[in-house]
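Okay, so here's the structure we're looking at.
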Amino acid sequence: MIKQRVLFLYFMLFTAFLFAQPVDQAPTEKDLRNQVLEEIQSGLEAKTRTLETTVTQIDNRLNDLDRAISSSRSAVDKVDKLLERVQELERRQAAIEENELYVFQANYQSAIINLISMDREIKPLKLFDTTKSFFQDLTDTGNPMNYAGYRQWFREFQGYVESQKSSDAGLNVLSNLLTLSGDLSKGTPFSGPIVQPLFTGMASFVNSLGRNRRELREQSERMFELTAKLSQFTHDKNLIESEWTNITEELDEMQKQYNKVLLHNLQLIGVSPNEFYERFTKENDANRRLNYMLEIKQKTADYVQRTKNSGAKDWKENVYYEMMEVQSLKTRFGQITFDISNNISSYAQLIAKYKKDQQLGQRIGGLEIKLNNLRETFDAVFDPLDYLNSTTRMYKIH
């Protein structure tokens, strides 16, 4: 489970490491995406204004023709003006259809640019050191062998278990379980069948120490208390870790769906997967990626134009379904980042619970610093609410 969680956060948060760069460096992926999306939006607005002007002029001309037809006494003149009126109506309808085309082109361009941008959000290139450091420290905090005096004391306790196991069935079971647990230098196990025998054995050891071994008894009481606290800490930590399994599974499923949707849309607009990989996924130069995104933007517009020109009655529905598929993906990914954010917050609650403890507090304080760094880096790239809100505003309604 821990391995799954760590690998998952490597997967998610390396993107943050890539994106959270000072502003005077190369533009981030979000900057590139927004630049292209703004260009799409401004282009659509300019075309829409031009067409609205055309429609207004046509409407004015139609009003003039209607007045002329109404006041004319010449049948020939009325016929001529009626013919001209039909032509103006055809021009008006053509302008409306042209605007409709522009809206579909812009919306599908927005879908494709958002789609390809996700490729770099969910495909990191290397491990994220801050994440690695935090989870290693988290594991170390739950290991009692890392606390002063515990390792030496535990050898005393084991010696007691071995010396008494022949006369105490419970200690004999504990001895066997400790043997099965393997290398205890990595931490005493706090889950499964060993927990109760372990605590019972420690209590027996403390009670066996008489007045002449007062110093060892007091130390044993402290170590027993520390073991109990770390057992609870590990239990609380495992509850948080269990959520990563669900998040990882969801992300894996989304990755499969994303790959399918990406390949399908690349095929529609006439871009080969190999070209996309070389010129976008693998490309580290931001300006080259930007130029390639602009090429894809144009290919997307050309595809919508070809689809409309094909004469298929359902051309709008076909484009619309692709747009909705992309929007669904982005919503799903936004929800995953929201779940990640909540789980990181759960670690903050875990730290707050134990950081004032006299025995654990110092180590917990170090964890808090690294968790804050992790949180700041994550938040610098993934604002789940903003991501979800922007997803609902991806398209212009015609």
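Since the structure is predicted, the reported quantities are computational estimates derived from the model, not experimental observations.
A search for ring pair (Phe, Tyr, Trp, His ring centres under 6.0 Å) contacts involving Tyr108 returns Tyr303, not counting sequence neighbours.
Hydrophobic clustering (side-chain heavy atoms under 4.5 Å, transitive across Ile, Leu, Val, Met, Phe, Trp, Tyr) keeps Ile336 apart from Phe338.
Comment: Asp252 does not engage Lys256 in a salt bridge, judged by the lack of any side-chain N to carboxylate O separation of less than 4.0 angstrom.
Remark: aromatic rings of Phe134 and Tyr347 are close, center separation under 6.0 Å.
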Stepwise salt bridge (charged side-chain N to carboxylate O under 4.0 Å, His left out) test for Lys282 and Glu278: CA-CA 5 Å; Lys282 190 178 174 182; Glu278 291 295 330; 3.7 Å; yes
Stepwise salt bridge (charged side-chain N to carboxylate O under 4.0 Å, His left out) test for Arg61 and Glu84: CA-CA 10 Å; Arg61 179 58 181 159; Glu84 186 177 351; 2.4 Å; yes
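When atom types are taken as modelled, the side chain of Asn146 and the backbone of Asp140 share a donor-acceptor pair closer than 3.5 angstrom. Judged by distance alone, with hydrogens and angles left aside, the side-chain atoms of Asn172 form no donor-acceptor pair with the main-chain N or O of Asp168 at under 3.5 Å.
Dense packing is recorded around CZ of Phe280, with more than 12 heavy atoms of other residues, nucleotides or ligands lying under 6.0 Å away. By the 6.0 Å contact criterion, CD1 on Ile369 is open, its count of non-hydrogen atoms from other residues, nucleotides or ligands being 12 or less.
Contact detail for Leu115 and Leu329: the closest heavy-atom pair is CD1-CD1, 4.0 Å. The nearest pair of heavy atoms linking Ala286 to Leu32 is O-CD1, 3.7 Å.
Within the cation-pi definition used here (under 6.0 Å to the ring centroid, within 45° of the axis), Arg222 does not qualify as a partner of Tyr150.
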